[in-house]
Amino acid sequence: MAMPQNSTRENGFCFTQPLDFSCPSPRPGEAARPLGAAGGRDGCSTPLSNGITSSGAPSPSDSCAQPLCTPTPAEEETPLQEGIKYVSAEGEDLACGWGGFTPGCLQLCNTSKGVLFFLCVASFLQGMTVNGFINTVITSIERRFDLRSYQSGLIASSYDIAACVCLTFVSYFGGNGHKPRWLGWGVLVMGLGSLLFALPHFTTGRYEARSAAQVGVCGGNQSLPCSQAASSLSGYRFVFMLGQFLHGMGATPLYTLGVTYLDENVKTNYSPVYIAVFYTAAILGPAAGYLVGGMFLNIYTEIGREIDIAPENTLWVGAWWIGFLGAGAASLLISIPILGYPQRLPGSQRYIVMRVSEAHQLKDGSHKKASDPDFGKTVKDLPRSVLLLLKNPTFIFLCLAGATEATLIAGMSTFGPKFLESQFSLSASEAATFFGYLVVPAGGGGTFLGGFLVNKFKLRCSGIIKLCLLCTVSSLLAIFIFFIHCPNMPMAGVTQMYDGSALPGGHLNLTAACNAQCGCLQETYSPVCGTDDIMYYSPCHAGCKVSENLRNGKKVYHECSCVDEALPSGPGAAEAGKCTSSCAKKPLLLCFMFVVILFTFLSSIPALTATLRCVSDRQRSFALGIQWIVVRTLGGIPGPIAFGSMIDKSCLLWQDQCGEQGSCYVYQNSAMSRYTLVAGLVYKVLGTTFFVVACLLYKPPPPESAPGSSDASENGTSDLQEHKPSLPAEEDL
């Protein structure tokens, strides 16, 4: 009798016709032989089971729950092929729902694609909130709550601090627990953090823009008093820090347990693609945060109240809080379906037992300790888990390589817009838009393409590390583009004298005969571009006496004595803003910056996949947690500080805050490119070295390991032997 036609799906095996599951009892004194032993005859196979008994037609959640027997002589002649191993699931409930509430309609989402969708939404919200809204509104928060820059820096750092504190605990216990519950509660905590972050808007009084005398034109400069009483509003920084801390706590499971949950519930070949889609959503989140957050900042913070100042005014505070309310509510909603997922998806056990172990082989064989089913369930095993990872040189050097890449990503994401702003003489909003156009296709495309290449060429762990090495070397070569730079736009008193001659000794000299009678103050920086294509520190420093608002929203100044002096053919005039750069090297710089970003992100998913494969299955979540600690401690946190220190060395003009040095107004473009090149080369060379060492030290399992063998099977935790029938639709998603 021919075997019934069957097909595989993600939810298990679905048979198209009823089967006779009767099985003859073994004869006295003879034990039933397992499938595959002595040709598999006279025996009854133990199935891949989802642990749900069924009577009647099979369903997606119980299609693998019934035993499959071959008692007839015709079936005894059917040869068995290697391909899949069946393992019992010990009665797990794999239905999607909350407690006893498991409606049938929810089971449509109880697939790997359903999990991927909800995790993508969660990662998108996390990226939009933490890496988008926070960076967009930090200036408005400083202005609204009278915060200093170092205080806002503490707010931003609270996220990474919380992540580092929670990563070990979450990845260790969550990796051996119910991952969807950890993920759902994490997203819920993240949503509460967003709502808490918006709370100060509702607990403070109305924002009143402080009125000041007209500042800018010659003879009209008046400064605000430097000594101001400390505002009580600055105490709200602790609320913002707590909100960010909750963001960090909630996002910790997302990028450790979320990645391993996806990896465990899909075929090994498709795991990089699923993870790449997941991370692509996380990269698109900040882009949406910048766009949406910028739109909200054009709305006055006190909605419905009329105000006579424009968004360009330095006293303007936009509606920074709207985005956090929306993201918080969305996070609370998306946590509900995530909490309803089972510990593993129906049919996923076959992917686990088909997985070929690629864990790095330690000489003393201690890597086999992690295969013990009871390993990692108590705190006593935590030191042993850490020791096993520290003894894995491939894992260590992949972590170090990830830290160097994270340093570059964190540094470039923080100062990339500033680099474009200085090189091409752009406004801050224009620079952010240009940088967004670079990051979205290069970062998002590179992330997805990296996962696609691993799946397309079915790379093993050593091949994946070589792909990472190739990407790093490619971006290393492209980073030499920073030898090129655009010249600074001429600025009177900063890059040259007012008469066009070179500055003596490179010292600033903002005062000239044309503006000596104006009483200009250095505290008031408002650059203007004269009709002579020279920038001036402010309308006052250009000697302008009359201002005019045009219909297009730009302000124009007339009767500018310094511009008139430089351009005798007509009356001097100046327009608010920087002069437009006509640098011919702009397309080349943008093109190679795109290449650097593309190849940097192209290696991210392969490096993550290599990390998952070079450790034992039971240590994957914990390994990701340790890796994130290393990456954040050595890369994400110090990266912006290192890049910022290098770039600050190229500053020409510092802000003067009542005698104290503030932020940098004008950078020397040649020095900025040179220091960026040095920082990029150092970290890229380190990254290349770490990938080379990881590749050389990687020791794969012996080639005689049978396909489908795992650490679990080596220790006898599977119920059946290695011989298993192949299925016709095995390659389907």
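The figures here come from the full heavy-atom set of this structure, side chains too, leaving out hydrogens, waters and symmetry mates.
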(request) Applying side chain to side chain donor-acceptor pair (under 3.5 Å), run through Asn669 and Ser422 and close with a yes or a no. (result) CA-CA 7 Å; Asn669 287 349; Ser422 178; 2.6 Å; yes
(request) Please step through disulfide (SG to SG under 2.5 Å) for the pair Cys461 and Cys614, ending with a clear verdict. (result) CA-CA 7 Å; Cys461 189; Cys614 76; 5.4 Å; no
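- SG distance check for Cys579 and Cys529: under 2.5 Å.
- In terms of heavy-atom proximity, Ala403 sits nearest to Leu634 at CB-CB, 3.9 Å.
- Between Leu438 and Pro441 the shortest heavy-atom distance is O-CD, 3.6 Å.
- Within the model, atoms CG of Leu686 and CG of Leu400 stand 9.5 Å from one another, a figure rounded to the nearest 0.5 Å.
- There is a side-chain donor-acceptor pair under 3.5 Å between Tyr159 and Gln126.
- More than 12 non-hydrogen atoms from other residues, nucleotides or ligands lie less than 6.0 angstrom from NZ of Lys586.
- Distance alone, capped at 3.5 Å, places no donor-acceptor pair between the His541 side chain and the Cys520 backbone.
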(message) Show, in sequence, the C-alpha distance, side-chain angles and deciding distance for Gln627 and Thr611, and conclude whether the side chain to side chain donor-acceptor pair (under 3.5 Å) test is met.
(response) CA-CA 9 Å; Gln627 185 180 54; Thr611 302; 2.9 Å; yes
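- Under a 3.5 Å cut-off, the side chain of Asn515 and the backbone N or O of Leu510 do form a donor-acceptor pair.
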(request) Go through the steps for Lys578 and Met489 under the test side-chain contact (heavy atoms from CB on, under 4.5 Å), then give the verdict. (result) CA-CA 9 Å; Lys578 299 177 182 178; Met489 293 299 297; over 6 Å; no
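- Rounding to the nearest 0.5 Å gives a distance of 13.0 Å between CE of Met412 and OG1 of Thr407.
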(request) Would you please test Ser425 and Thr580 for side-chain contact (heavy atoms from CB on, under 4.5 Å) and show each step? (result) CA-CA 6 Å; Ser425 190; Thr580 304; over 6 Å; no
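- Aromatic ring centres of Phe592 and Phe482 lie farther apart than the 6.0 Å criterion allows.
- Separating the CD1 atom in Ile299 from the CD1 atom in Ile322 is a distance of 4.5 Å, to the nearest 0.5 Å.
- Partners of Cys164 according to the disulfide (SG to SG under 2.5 Å) rule, which considers only residues two or more places apart in sequence or in another chain, do not exist here.
- Side chain of Asp532 to backbone of Ile534: a donor-acceptor contact under 3.5 angstrom is found.
- Within the 3.5 Å criterion, the main-chain N or O of His485 finds no donor-acceptor partner in the side chain of Ser673.
- Other residues, nucleotides and ligands place no more than 12 heavy atoms under 6.0 Å from the NZ atom of Lys456.
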(request) Applying side-chain contact (heavy atoms from CB on, under 4.5 Å), run through Ile597 and Ile409 and close with a yes or a no. (result) CA-CA 8 Å; Ile597 297 172; Ile409 292 174; over 6 Å; no
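- For Leu589 against Cys486, the heavy-atom pair with the smallest separation is CD1-SG, 4.2 Å.
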(message) Run the side chain to side chain donor-acceptor pair (under 3.5 Å) test on Lys684 and Ser475 for me, step by step, so that the C-alpha distance in whole Å, both residues' side-chain angles and the decisive distance to 0.1 Å come before the verdict.
(response) CA-CA 8 Å; Lys684 280 296 180 183; Ser475 57; 2.8 Å; yes
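- No side-chain N or O of Ser604 forms a donor-acceptor pair with one of Glu405 less than 3.5 Å apart.
- Side-chain N or O atoms of Ser123 include one that pairs as donor or acceptor with a backbone N or O of Cys120 at under 3.5 Å.
- Annotation: the span from Leu677 atom CG to Ile484 atom CD1 amounts to 11.0 Å, rounded to 0.5 Å.
- Classified by interplanar angle (parallel below 30°, tilted 30° to 60°, perpendicular above 60°), the ring pair Phe197/Phe240 is tilted.
- Partner of Tyr279 under the ring-ring contact (aromatic ring centres under 6.0 Å, His included) criterion, chosen from Phe124, Phe448, Tyr255: Tyr255.
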(request) Go through the steps to decide whether Tyr667 and Leu652 satisfy the test side-chain contact (heavy atoms from CB on, under 4.5 Å), and finish with yes or no. (result) CA-CA 5 Å; Tyr667 293 93; Leu652 285 175; over 6 Å; no
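- Rounding to the nearest 0.5 angstrom, the gap separating the CH2 atom in Trp628 from the OG1 atom in Thr252 is 10.0 Å.
- The line from OH of Tyr536 to OG of Ser538 is 11.5 Å long, rounded to the nearest 0.5 Å.
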(request) For His247 and Ser194, run side chain to side chain donor-acceptor pair (under 3.5 Å): C-alpha distance rounded to whole Å, both residues' side-chain angles, the deciding distance at 0.1 Å, then the answer. (result) CA-CA 7 Å; His247 283 152; Ser194 296; 2.9 Å; yes
